[in-house]
2 protein chains.
Amino acid sequence: MSITIKDVAKLANVAPSTVSRVIADHPNISGETKERVREAMKELGYHPNFIARSLASNSTQSIGLVMPSSADKALQNPFFPEVIRGISKGAHEKKYSLHISTGESLEEIFDGVVQMVQGRRVDGIILLYSRFNDKIIDYLLDQSFPFVVIGKPYKYKKEITYVDNDNVQASIDVTEYLIKLGHKRVAFVGGSLNLVVTIDRLQGFKHAILSNNLPYRDEYVKHVEFLKEGGREAITELLSLEKPPTALVVMDDLMALGVLNKLDEMGKAVPDDISVVGFNNVLLTEISRPPLTSVDINIFQLGYQAAKSLIDQTENQNQPVKRIMIPHNLVIRESCYENKQNL
Amino acid sequence: MSITIKDVAKLANVAPSTVSRVIADHPNISGETKERVREAMKELGYHPNFIARSLASNSTQSIGLVMPSSADKALQNPFFPEVIRGISKGAHEKKYSLHISTGESLEEIFDGVVQMVQGRRVDGIILLYSRFNDKIIDYLLDQSFPFVVIGKPYKYKKEITYVDNDNVQASIDVTEYLIKLGHKRVAFVGGSLNLVVTIDRLQGFKHAILSNNLPYRDEYVKHVEFLKEGGREAITELLSLEKPPTALVVMDDLMALGVLNKLDEMGKAVPDDISVVGFNNVLLTEISRPPLTSVDINIFQLGYQAAKSLIDQTENQNQPVKRIMIPHNLVIRESCYENKQNL
DNA sequence: TTGTACGCGTTATCAC
DNA sequence: GTGATAACGCGTACAA
């Protein structure tokens, strides 16, 4: 077996409990023995056994991540690596590690969460998405297990700590940007209506249209599944309208790439014939042709703040429920153009 | 506190050890008491404590993932979500979960690995990349801790179990594909020379050029860091050569996207003026303009097999070292064209 | 300031 | 078949 606290104790001529205290850097312990113990640890190459420590202290120093189902193409979205990078940073700073339980179906994922929680494998959980009727949230609330949602919960907003952007305002900003460029026929291409973020961005879009005295038309709103396939039909439909839009608010950069692709195929030039904006400002926006104007939602910060706030919650009892808003800002590139014909 | 095995034992009128046996589905135990115990578990909503189980059985049922440093932009590569999806599948099938230790620097990552191993937090480790002089591999070998490398190790190949493609052959295939299209001036755009995969693909390229009696020119080989920035200069340099290449073998789809972008900017048409092929066949290849011809390396399978093989290794002692090769195949799209001028 | 003794929730090794 | 009992490695009252 490997080196335990007892071995160290023997070598340093102290009791195991003393070693334990040295590890925890307990205040009242003589500097002398501290040194002696530390030397013994080094000499033996001692490393604490996390499992044993967890059992004794009832804390694992690790946080659970819940991702969308792996069958879901959404995983391919660069949003996730980036948000995980942020979480990593926050976790690492407090010496926490990450635990992922995966599954292909909603049911499998739910079971995974139950195992993490009841099995005491993690101290808290971060939900990397927010969608309607998520059993997981009900379960976590019921267990009063610490968790943070990235995105806005669909209900129990007052009782859940979450980190989000002001997606309504972001959507207003970007839509008004197009309107100020002279666009009067602006369409919205959104993702799954099961995601709360879709609702928020649609709402912002609608608000911007109406408050600028433009007509809000249902046929200018399309909802497609996140990646490629669906988006393409939506574009065909939009452009075959009697009065096709001159600008598109697309809810996600990856979708926007698909849209650019389809437009090119149809012989429409961006931004000359039609303007396009996206959300998230992922790396790909720079590589796209033309470079995509996009709302930077600070994905990294979403993850970083979520981790910090969760750790806060697990380490200090009775933290109040928090709502952390991450600022957004429009990054203007080359996918939008002034609508001179004023259609 | 939560419900333990003892509570179940009491309710079912048996000893804790019996409950434990029921959980493990021990063979010699009467069907009757099995039923009684199971009912008691349900009634109390019992869930085993993983931590305690790990301590007693000295196995965690979770595997550690080592990713490239989070500072590294490489994380943005869709390769990782996909390989993790494969790992997830393999892990989930055997009821394993995933543990990620992260870090920004090489040093932090190394420390994370040491903690995972010495802290007995995981039963085995999967390295998601392979590069030169990786201290982590030396450490794991030294500790004789079970691990699997995705990609080819730079040394100790005989002693390490790894899952890889035949990247040399893949590169030969794709280069010969271009040669057969009539291209005589083919250039190679590779990634970091610290990655073993770069070497393999370059080697295959070189082999294909020479064995087809074409001149191998150093100025036709460029190495750039994975994403955008560097790649662009490389293209400029290649195209300003006296005899510029008519086809490019680009080592990664994401890099290839950047290349397409740059070529477009320079007014070069793909595939009419110049042909481009990539590697990995990620989703983006379909969205790109033109859709990118790419070598499908079966990323999902890389992950899936790595997980299966690692679990095999941890559960059955003395498994022989394995070398698992995942097949590749060329997916032809629209980024290559016959070179009719026969330059 | 340090040592003793017990508990954390399981699994595993004996007995019976 | 089943029940005590001892590990597993560590944290922590309590005692000294």
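Side chains are part of it too, since the values below use all heavy atoms of this structure and drop only hydrogens, waters and symmetry mates. Below, chain A is the first sequence line, B the second, and so on; all start at residue 1.
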Give B/Asn13 one of three labels, base, sugar-phosphate or nothing, depending on what nucleic acid heavy atoms sit under 4.0 Å from its own.
sugar-phosphate
Taking only the side-chain heavy atoms of B/Ser17 (C-beta and beyond), determine which of C/dT2, C/dA12, D/dG11 contains the nearest atom.
C/dA12
Provide the full list of salt bridge (Lys or Arg N to Asp or Glu O under 4.0 Å) pairs with a residue in residues 14-27 of chain B, sequence neighbours left out, each pair given once.
B/Asp25-B/Lys34, B/Asp25-B/Arg38
Going by an N to O cut-off under 4.0 Å, is there a salt bridge joining B/Arg131 and B/Asp134?
yes
Within the structure shown, what part of the strands sits under 4.0 Å from A/Ile29 by heavy-atom distance: base, sugar-phosphate, or nothing?
sugar-phosphate
Give A/Val19 one of three labels, base, sugar-phosphate or nothing, depending on what nucleic acid heavy atoms sit under 4.0 Å from its own.
nothing
Qualifying salt bridge (Lys or Arg N to Asp or Glu O under 4.0 Å) pairs with a residue from residues 305-315 of chain B, counting only residues at least two apart or across chains:
B/Asp312-B/Lys322
Would you give me the side-chain donor-acceptor pairs under 3.5 Å for residues 5-18 of chain B, sequence neighbours excluded?
residue : atom : partner : partner atom : Å
B/Asp7  : OD2  : B/Thr4  : N            : 2.8

Would the distance check show the side chain of B/Asn77 and the main-chain N or O of B/Phe79 forming a donor-acceptor pair, the cut-off being under 3.5 Å?
yes
Could you tell me whether B/Thr33 contacts a base, only the sugar-phosphate backbone, or nothing, with contacts defined as non-hydrogen atoms closer than 4.0 Å?
sugar-phosphate
Ordered by number, residues from residues 42-53 of chain A within less than 4.0 Å of DNA chain C (heavy atoms) are none
Polar atom pairs between nucleotides 14-16 of chain D and protein, under 3.5 Å, N or O only, would you list them?
none

Between the first and last five pairs of the helix from C/dT1-D/dA16 to C/dC16-D/dG1, the angle of the axes, rounded to 10 degrees
40°
